Amino acid sequence: MGVTVLQPYPLPEGKSGAHIIDQLSKRLLALGATHAGQFLVDCETFISTPQPHNGAPGRAVHVLHNSECPASTFSIIDNGTGKQVAIVADNIFDLLMLKMTNTFTSKKQTKIESRGARFEYGDFVIKLGSVTMMEHFKGILIEIEYKSCVILAYCWEMIREVLQGFLGIAVGKDFPSYFAPQTIMTAMGQQQLHAKHNDIFEPMDTVKQYLEQFTNYRKHVALMGGMGSGPGGQQVGPNVHMSPSVAGLHRP
Amino acid sequence: MSNSVNISVETTCENQIREIGYDGTELYQPPPTLSESLAKCAARIDFSKTSLDDLKKEEKTAAAATDEDKDATQFQESLWPWDAVRNKLKDALTEICVLSDVISIAKDKRYLVLDPLLEEADDTKPIVQVYSRKKAISQAAQVLLSGAERLRNAHSEQRNRNVSDFHIELLRLRQNWRLKKVSNAIIGDLSYRTAGSKFGMSGTFEVTKAEETGDEDTASSSNSSSSTSGNNGMQLKASSALRVIVPAELQGVAYIKVITQKDQEDLCTAQVNLMGHGPNITAQVGVWQKTLEFAQNVLFCKELFAQLAREAIQLQAPIPHVVIGNQIRATLLPNIQLIISLCHSTTFDSSQPAPINDHDHVLEHSLHQLLREVHYKNSHHPFPHPASAPLGPTKKRMLAGPMAADRETLLDMTKSQTILEQIIAQAQHIFMRKRTQYVLDTLARDVKDPQIVSHWNAMNSPTMSCVKINIVTHGYDAIGRTSLVIHVKERSLKGICRDGRVMRLSYEPQELRDLILCQINSHQISCLITLARYMAWTVLSNSNHLGVGKVEPLGNASSCLLASPNSDRMIAVQIRCDPQIDVKVYIARSPRQDFFPSPLVPEKLWENLGGTFKEVRFDKIEGKSFLNKMEFLMASLTSNSA
């Protein structure tokens, strides 16, 4: 399990997601990568049923699966104020969540997944995923894993070079937003800047990045759907007028 | 008052005489103290008469007595001296009242409890105690002796009886084997089913009473349970009152023979033979124990062979395994075959040829252990045993979920080896190890100059061993040592040198030989360089892979160029291994003796440029080894001139 970085790919106007995926796959195969199966990362969210009265958002439990770790289920609890607790569990965890329907309800409309082909290119594993939420296409998410290294700071430049090479878009020099330095409280109560790119990479980090990206996609839905959008429904009409800043998230 | 009467009151000295001395003095026993007298009186109190009426009566009488006294004093003043007595009696009354109160409280037993006082015990004569104890103990001894006598009689009677009881034999049988009563027959089970085996063949045997056999020892048909035998020990074989009937396919003796063959010649053999294992209890029990043990052995060998045969057919090997009848042939290495055969003889032949004794018990034991491991895995589930998850996966698999194991790790966990694959791997490894040992030993014997010392690891696994090889020159151990480690695996070797180079060798012995020779080569040069430094000679250059001269058949030549301390001599050494270690030494001196100024090179100073190299007949130099010879050479060439 090596360092994994997610890169959302902005869809150019007029092109469909499937077309872009096809184009990128052809590029990868031409470079010499081998197609090695499919992958799937999905996320389901449960919201705590008794909504707290003071208007704060209820606690959310996100349950994610990654086909790279088929025996595990990942779960992150988000209490709305930014604090997250994450665990890695056996697949039986899903059955446990079924029993928690009294406290947590599943919001089926926010079930989101990234699915696509998996390519092996030397020490790299590149996955081209199309993000869909309730059968509606949301965007393209590229995942690249460098199997030989477990610390991002040592191999970020190389990953960036490979990405720029076959994607053709510019990838920023800074570390991805997930790895940006964060302030944390040390044991002595002082605030310290903690550089996440120097930490040893764990499978949980991949999943947390996916959650971050999926949350972005959901927020864009909320933005674009406006008030009273139906379950996952996006109408073609309002989208065309709305915010060019969210270009790239059109339906195909 | 003249008619008063003088009354003298005196106490009677009624103390007992305790002793009369020799001079007539009398020693009186001191009068009882008040506490003693109170004690005596208290001891005489009869607590059965505790009715209050009595007490009240006593009180009344006491009160009446005091009243009378009082009246008496009022009338007669001459009775004034009795006032003291009256007072004393009054005090006595008070005390008696108090005493009665105390006693009534004590009777209630809620606030006070009375315990009887112990009086001194009489001195009993100890001798009486001794006699009474002796009598009691002798009675107990009598009881025990009579019991022991009875037991001894029963035991000797039993021993004297040569005929064994059917039930005693059955008890012994039951202690060793599982028996069950089905309608009116006794059925036993000698299979490994309860130990985890899933073999189909049943191992049930039947237990019956043995009938009278027509032996030539006439009166000694001792197999009936009721008759006592009068044979007087004429029987040679131990016979028993019960007989076991084992199924026909399990009769006889079986063993599994494992042979490694190289082109029809046996290399090593092994046998699986469970007889002779475990304590020999045949002497105590009858013939049936041996019969049952043999039958169980036959069953085990059949199961093992059936499992191996099944795997041999299912596995896809580069050279397919061959199963013919009761023999399985597998190829370990080219020309080396492993033959596993099941030998089952149904005649009880006591003059059987003894099992081949030059076999290696290791393979035999391994086969036995491997099947037992399969049995064990069938019956034991690895911990943890969760209440809400499937039972059966190993601990590693249980942890794979929470540890986010990836797909390759999970795939590796599912791979497992069959018994046949494992035994083939072990046999291959044994063969590789023997071959490596042979190569190292012959090299150590043939190459005398640097000594090759090999240390094999004491701990190794059935499929991998390690050996550490040190190449050292005798007498020059401190100067240098070349070491390398060789990992011997099933079909290959891996050599790791000190400088970190890793070389993978195949199963051909020549490759290992070549490797060691090359290492010897580089050892000589590196030791020579260190020796030169000690001798104050300068190392001008050295090379491990000389590219000049004829192409060597093996490896590369290495060379070294040395200059003497005051630079008037140079030594050039070249070592090739082709296949013997071949050393060539040349020396040159400067200034050259054969310099003559010529028109092209007129100045005399060009004579210092060094002369031609002349070869040294190295084999004629005195010295035990290459380094020794080089040391002498360098010593002889070091001159004192400035």
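None of these values were measured; they are calculated from a predicted model.
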Revision key, fill the gap. Output for pair (B:R407 CZ, A:R118 CZ), nearest 0.5 Å, gives 4.5 Å
Practice item. To the nearest 0.5 Å, tell me how far B:D406 CG sits from A:S67 OG. Key: 11.5 Å
Return yes when atom [atom1] of [X] has more than 12 non-hydrogen atoms of other residues, nucleotides or ligands closer than 6.0 Å, and no otherwise.
X      : atom1 : answer
A:I200 : CD1   : no
A:R27  : CZ    : yes
B:R481 : CZ    : no
B:I319 : CD1   : no
A:Y121 : OH    : no

Point to revise | Closest non-hydrogen atom pair, A:S72 against B:G401 | key: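 Shortest heavy-atom contact: OG-O, 2.6 Å.
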Review point. How far apart are the closest heavy atoms of A:A71 and B:R397, and which atoms are they?
Key: CB-NH1, 3.8 Å
Point to revise | Structural part of B:A405 lying under 4.5 Å from a heavy atom of chain A | key: backbone
Review point. Does the side chain of A:D90 reach to within under 4.5 Å of the side chain of B:P402, using non-hydrogen atoms?
Key: yes
Practice item. With a 4.5 angstrom heavy-atom cut-off, could you sort out which part of A:F74 is near chain B: side chain, backbone, both or neither? Key: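 Answer is side chain: those atoms of A:F74 sit under 4.5 Å from chain B.
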